[in-house]
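One-based numbering along the sequence shown. Values below: every heavy atom of this structure, side chains too, minus hydrogens, waters and symmetry copies. Model, not experiment: these values are computed from the prediction.
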Amino acid sequence: MITGAGPSWIERLFRIALLVKGIDGAAELIGAVILLVFSGVMVIREYVVLRRKRLSAGR
């Protein structure tokens, strides 16, 4: 590489690829956290509904 020159097109392409990979990884992590939170909320909601049905059936 020539001193003082900007990055070559291969280096720019590599940096863009790393940026895209980082964004993809962040999106995947955010999606996993959202899925974990919502699935937990749904499990708790179903538990409450079943619990209410059992309590009302016992009356």
Side-chain angles (χ1 to χ4, degrees):
M1 180 174 199
I2 301 172
T3 306
S8 70
W9 68 273
I10 293 176
E11 290 172 340
R12 281 194 298 260
L13 182 62
F14 183 73
R15 289 180 184 176
I16 291 170
L18 282 178
L19 177 66
V20 169
K21 181 178 171 96
I23 292 170
D24 179 56
E28 187 176 350
L29 180 61
I30 291 168
V33 169
I34 289 172
L35 182 63
L36 180 66
V37 169
F38 280 112
S39 64
V41 168
M42 292 177 75
V43 167
I44 291 170
R45 184 179 299 155
E46 289 299 318
Y47 172 77
V48 169
V49 167
L50 289 174
R51 186 85 173 145
R52 285 181 183 167
K53 285 182 181 178
R54 285 184 184 171
L55 290 175
S56 65
R59 289 183 180 182

Donor-acceptor contacts, no H, no angles, side chain residues 14-32, under 3.5 Å, sequence neighbours left out:
none

Going by atom type alone, with no hydrogens or angles, which donor-acceptor pairs under 3.5 Å involve a side-chain atom of residues 39-51 and a protein atom two or more places apart or on another chain?
{"unit_1": "Ser39", "atom_1": "OG", "unit_2": "Leu35", "atom_2": "O", "d": "2.9"}
{"unit_1": "Ser39", "atom_1": "OG", "unit_2": "Leu36", "atom_2": "O", "d": "3.1"}

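Residue Ile10 belongs to a hydrophobic cluster whose other members are Trp9, Leu13, with links defined by side-chain heavy atoms closer than 4.5 Å.
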